[in-house]
Amino acid sequence: MGMTMTQKILAAHAGLDKVEAGQLVLVDLDLVLGNDITSPVAIKAFHQMGKEAVFDKEKVTMVMDHFAPNKDIKAAQQCMMCRDFCGAQDITHFYDVGQMGIEHALLPEKGLVVSGDAVIGADSHTCTYGALGAFSTGVGSTDMACGMAIGKAWFKVPSALKFELKGKLRPYISGKDVILHIIGKIGVDGALYKSMEFVGDGLASLTMADRLCMANMAIEAGAKNGIFAVDDITRAYVKEHSDREPVVYEADADAVYGKTYVIDLSEIGHTVAFPHLPENTKTTDEIGDIPIQQVVIGSCTNGRLEDLKAAAEIMQGKKVAKHVRCIVIPATQKIYLEAMERGYLKTFIECGAVVSTPTCGPCLGGYMGILAEGERAVATTNRNFVGRMGHVDSEIYLASPEVAAASAITGKISAPEEVL
Amino acid sequence: MKMTGTVIKYGDNVDTDVIIPARYLNTSDHKELASHCMEDIDKTFASRVKEGDIMVAGWNFGCGSSREHAPIAIKASGISLVIAKSFARIFYRNSINIGLAIVESPEAADAIAEGNIITADLDNGILHNETTGQDYTVEPFPAFIQTIIENGGLVESIKNGSIA
């Protein structure tokens with residue numbers, strides 16, 4: 001019986017020739033990540049363990065992105081705690097205001113993750129790096145502390161679902177539509193405890209931004225990780241961003257998958273997840289007029305340059321609807337600068353949108369765009385749970401940057417074709 | 001491990017954003033987190049929960065964010081055990097790691113009603129409903145997990161060298 005991509009990476013990092021689903025393994029980690037919300041709890045646990053130093057100062061990273069730049073005094077204290085810890089431990093990859101970006105956009109950009117790595121992060125969207133052919137999963141703060149202390153984490157080897165992608169995306173359809181379509185099909189616990197493995201000829205039409213967005217939302221189907229087969233697009237990305245050599249793991253021909261889904265990319269339409277679960281999906285041609293008050297374009301899911309480009313092209317020369325607040329958040333400083341140089345930021349501002357410094361801010365109802373009672377937002381973020389972006393009686397509609405941009409112009413949930 | 005408590009019951013897909021909303025994540029103080037536990041789906045929870053109460057819920061309990069503040073808030077509010085039809089995986093790990101007892105049982109989670117009194121014997125894998133007299137068997141934790149729990153959580157396990 002063969003192994004899946006995920007199982008091969010776990011076996012290699014556990015020093016084993018072979019693992020099978022259900023087996024408990026202790027895995028050597030290539031990177032341990034935390035942010036300004038989860039790291040303080042981990043730092044406390046680290047001290048309680050009685051450890052003096054982290055296992056490897058190059059392999060622990062902290063990114064101040066959730067409530068940074070500090071939204072209030074308590075947030076400032078939490079960032080200070082991280083800053084002091086990383087200073088004392090001489091952590092190489094500590095990213096504070098000025099260098100930071102949204103963690104899951106920042107780490108691949110900085111080349112901190114390459115194909116074949118095993119990564120944990122005290123943030124549920126750590127599964128993003130599966131786009132690079134790495135095993136990467138979200139954990140809590142205690143696991144992060146343990147990872148910082150000994151460079152290891154325990155896992156139950158997951159079984160897997162296979163997603164065989166074929167065909168090519170239609171214009172103005174992107175990775176977000178694909179992953180929302182998949183979550184709509186399998187449900188928010190459709191991949192619970194499992195890995196989601198993406199393979200097939202269809203990969204060729206998916207950019208790295210599409211893949212990062214899709215792997216990012218594997219957690220919204222309950223998955224332990226999402227992982228993409230490595231191809232030339234992956235290799236080119238890794239080479240451009242990192243000096244480290246990628247290690248490519250391919251699933252065995254006789255690897256066992258609980259189920260195989262064949263997804264024809266050419267059949268996917270503009271997909272929107274209605275409140276209050278990412279599985280409540282509809283396509284824009286199935287919905288009537290739904291007026292909105294806010295649009296958020298950003299987050300670890302859709303704050304990359306390709307996302308801003310797609311939004312800017314749709315918004316170019318148009319105006320944000322009068323009653324709509326449109327907030328654009330480039331995910332990293334590098335993306336911000338590049339978007340400025342390419343004129344996207346000018347487009348957004350002339351259109352009537354605001355552009356923020358990188359932050360997770362509104363996605364989790366932190367700050368920078370909180371919703372009032374009864375308000376509706378179209379957001380390129382990843383969760384539309386009750387109260388996620390503000391008031392418990394507000395609503396979030398998850399969508400692609402293309403749909404979000406078009407909706408900002410019309411003031412209701414709209415397909416890009418309505419404004420082009 | 002044995003506990004007896006009164007049941008507070010919720011539905012499917014209870015996410016970590018409603019267990020502890022992100023607007024309170026600017027602190028990791030256990031008592032403060034507990035005072036806001038569940039407030040976005042149940043404003044009465046924090047005031048009515050008693051030490052030892054048992055939380056029962058449906059499928060995919062604890063889905064969403066990896067915030068350990070969620071099991072911490074539940075534990076600090078006095079809940080001694082969470083019984084659900086299934087748990088989201090990060091919440092499951094976090095609960096074990098911080099020492100919040102959790103049990104998966106679709107059968108028990110269906111049958112047990114709000115206000116029932118439950119006695120749980122986790123060593124033998126038995127949940128007894130004192131109110132209705134029904135018993136439900138549950139799968140005990142695997143040995144690896146038991147080691148962590150017996151050591152009082154992951155922090156203690158590393159401290160005393162039982163995992164290295």
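Every chain is numbered from 1 and lettered A, B, ... according to where its sequence line falls, protein lines coming before strand lines. Computation of the quantities below employed the complete heavy-atom set of this structure, encompassing side-chain atoms and omitting hydrogens, waters and symmetry-equivalent molecules.
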Enquirer: Sort Ala76(A) into side chain, backbone, both or neither according to what part of it lies under 4.5 angstrom from a heavy atom of chain B.
Expert: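 Neither part.
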Enquirer: Test your reading of the model: is there a side-chain donor-acceptor pair from Tyr193(A) to the backbone of Phe87(B), 3.5 Å cut-off?
Expert: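 Yes; at least one donor-acceptor contact below 3.5 Å.
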Enquirer: Would you please test Arg383(A) and Ser65(B) for side chain to side chain contact (heavy atoms under 4.5 Å, CB included) and show each step?
Expert: CA-CA 9 Å; Arg383(A) 292 195 174 120; Ser65(B) 152; 3.7 Å; yes
Enquirer: So how far is it from Ser66(B) OG to Ile120(A) CD1, rounded to the nearest 0.5 Å?
Expert: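 It comes to 10.5 Å.
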Enquirer: Can you tell which part of Ile219(A) gets under 4.5 Å to a heavy atom of chain B, answering side chain, backbone, both or neither?
Expert: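 The side chain, not the backbone.
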Enquirer: Using a cut-off of under 4.5 Å on heavy-atom pairs, state which of Thr38(A), Thr126(A), Leu192(A) scores highest against chain B.
Expert: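 Looking at each option in turn, the highest pair count goes to Leu192(A).
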Enquirer: Count the heavy atoms of every other residue, nucleotide or ligand shown that sit under 6.0 Å from CD of Glu114(B), and state whether that count exceeds 12.
Expert: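 Buried by this count: over 12 neighbours within 6.0 Å.
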Enquirer: With chain A as the partner chain, list the residues of residues 70-86 of chain B whose heavy atoms fall under 4.5 Å from it, by residue number, and write 'none' if nothing qualifies.
Expert: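 The stretch touches chain A at Ile72(B), Ser86(B).
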Enquirer: Is the shortest heavy-atom distance from the side chain of Ile37(A) to the side chain of His69(B) under 4.5 Å?
Expert: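 Yes - at least one pair of side-chain heavy atoms lies under 4.5 Å apart.
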Enquirer: Is it true that atom CD of Glu130(B) has more than 12 heavy atoms of other residues, nucleotides or ligands lying nearer than 6.0 Å?
Expert: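 Above 12, so yes.
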Enquirer: Could you walk me through whether Thr142(A) and Arg93(B) satisfy the side chain to side chain contact (heavy atoms under 4.5 Å, CB included) test, starting with their C-alpha distance in whole Å, then the side-chain angles of each, then the deciding distance to 0.1 Å, before giving a yes or no?
Expert: CA-CA 9 Å; Thr142(A) 302; Arg93(B) 283 183 84 92; over 6 Å; no
Enquirer: Which residues in residues 365-374 of chain A have any heavy atom closer than 4.5 Å to a heavy atom of chain B?
Expert: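 Checking residues 365-374 of chain A against chain B gives Gly365(A).
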Enquirer: Against chain B, label Ala145(A) side chain, backbone, both or neither, depending on which of its atoms sit under 4.5 Å from a heavy atom there.
Expert: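 For Ala145(A), neither part sits under 4.5 Å from chain B.
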Enquirer: Count the heavy-atom pairs under 4.5 Å between each of Arg23(B), Arg67(B), Glu68(B) and chain A, then report the option with the highest count.
Expert: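 Greatest number of close heavy-atom pairs with chain A: Glu68(B).
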Enquirer: Which atom names give the shortest non-hydrogen contact between Leu154(B) and Cys146(A), and what distance separates them?
Expert: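 The pair with the smallest heavy-atom distance is CD2-CB, 3.8 Å.
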Enquirer: With a 4.5 angstrom heavy-atom cut-off, is it the side chain or the backbone of Val392(A) that approaches chain B, or both, or neither?
Expert: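 Contact with chain B is through the side chain of Val392(A) alone.
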Enquirer: Do you know which of Cys63(B), Gly64(B), Ser28(B) has the most heavy-atom pairs under 4.5 Å to chain A?
Expert: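 Of the options given, most contacts go to Gly64(B).
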Enquirer: By a 4.5 Å heavy-atom criterion (distance strictly below it), what part of Lys51(A) contacts chain B: side chain, backbone, both, or neither?
Expert: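 Answer is side chain: those atoms of Lys51(A) sit under 4.5 Å from chain B.
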Enquirer: Could you note down all residue pairs passing salt bridge (charged side-chain N to carboxylate O under 4.0 Å, His left out) where residues 64-79 of chain A supplies at least one of them, sequence neighbours left out?
Expert: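 The answer is Lys74(A)-Glu32(B).
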Enquirer: Can you tell me how far apart OG1 (Thr137(A)) and CD1 (Ile90(B)) are? Round to the nearest 0.5 Å.
Expert: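 Answer for the OG1-CD1 pair, Thr137(A) versus Ile90(B), is 5.5 Å.
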Enquirer: Ignoring hydrogens and angles, tell me if any N or O in the side chain of Gln77(A) forms a donor-acceptor pair with the backbone of Thr27(B) under 3.5 Å.
Expert: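 Here the side-chain-to-backbone pair does not exist.
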Enquirer: Quick check against the 3.5 Å criterion: does Arg89(B) have a side-chain atom that pairs as donor or acceptor with the backbone of Gly138(A)?
Expert: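 Side chain of Arg89(B) to backbone of Gly138(A): a pair is present.
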Enquirer: Is the backbone N or O of Gly140(A) less than 3.5 Å from a side-chain atom of Asn94(B), with the two atoms forming a donor-acceptor pair by type?
Expert: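 Confirmed, Asn94(B) side chain pairs with Gly140(A) backbone.
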Enquirer: Side chain, backbone, both or neither: which part of Phe55(A) has an atom under 4.5 Å from a heavy atom of chain B?
Expert: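 It is neither, since no heavy atom gets under 4.5 Å.
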Enquirer: Begin from the C-alpha positions of Trp154(A) and Asn97(B) and carry the test side chain to side chain contact (heavy atoms under 4.5 Å, CB included) through to its verdict.
Expert: CA-CA 11 Å; Trp154(A) 63 267; Asn97(B) 285 343; 4.0 Å; yes
Enquirer: Using a 4.5 Å cut-off on heavy atoms from C-beta on, say whether the side chain of Asn13(B) contacts that of Phe385(A).
Expert: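 They are not in side-chain contact.
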Enquirer: Which residues in residues 50-59 of chain B have a heavy atom less than 4.5 Å from any heavy atom of chain A?
Expert: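 Only Trp59(B) of residues 50-59 of chain B have a heavy atom under 4.5 Å from chain A.
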Enquirer: Given the rule in the side chain to side chain contact (heavy atoms under 4.5 Å, CB included) test, do Val386(A) and Asp17(B) qualify, once you have shown the distances and angles that lead to the verdict?
Expert: CA-CA 8 Å; Val386(A) 170; Asp17(B) 275 279; over 6 Å; no
Enquirer: Heavy-atom pairs under 4.5 Å with chain B are the metric here; pick the option from Leu24(A), Asp36(A), Ile73(A) that has the most.
Expert: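 Ranked by heavy-atom pairs under 4.5 Å with chain B, first place is Leu24(A).
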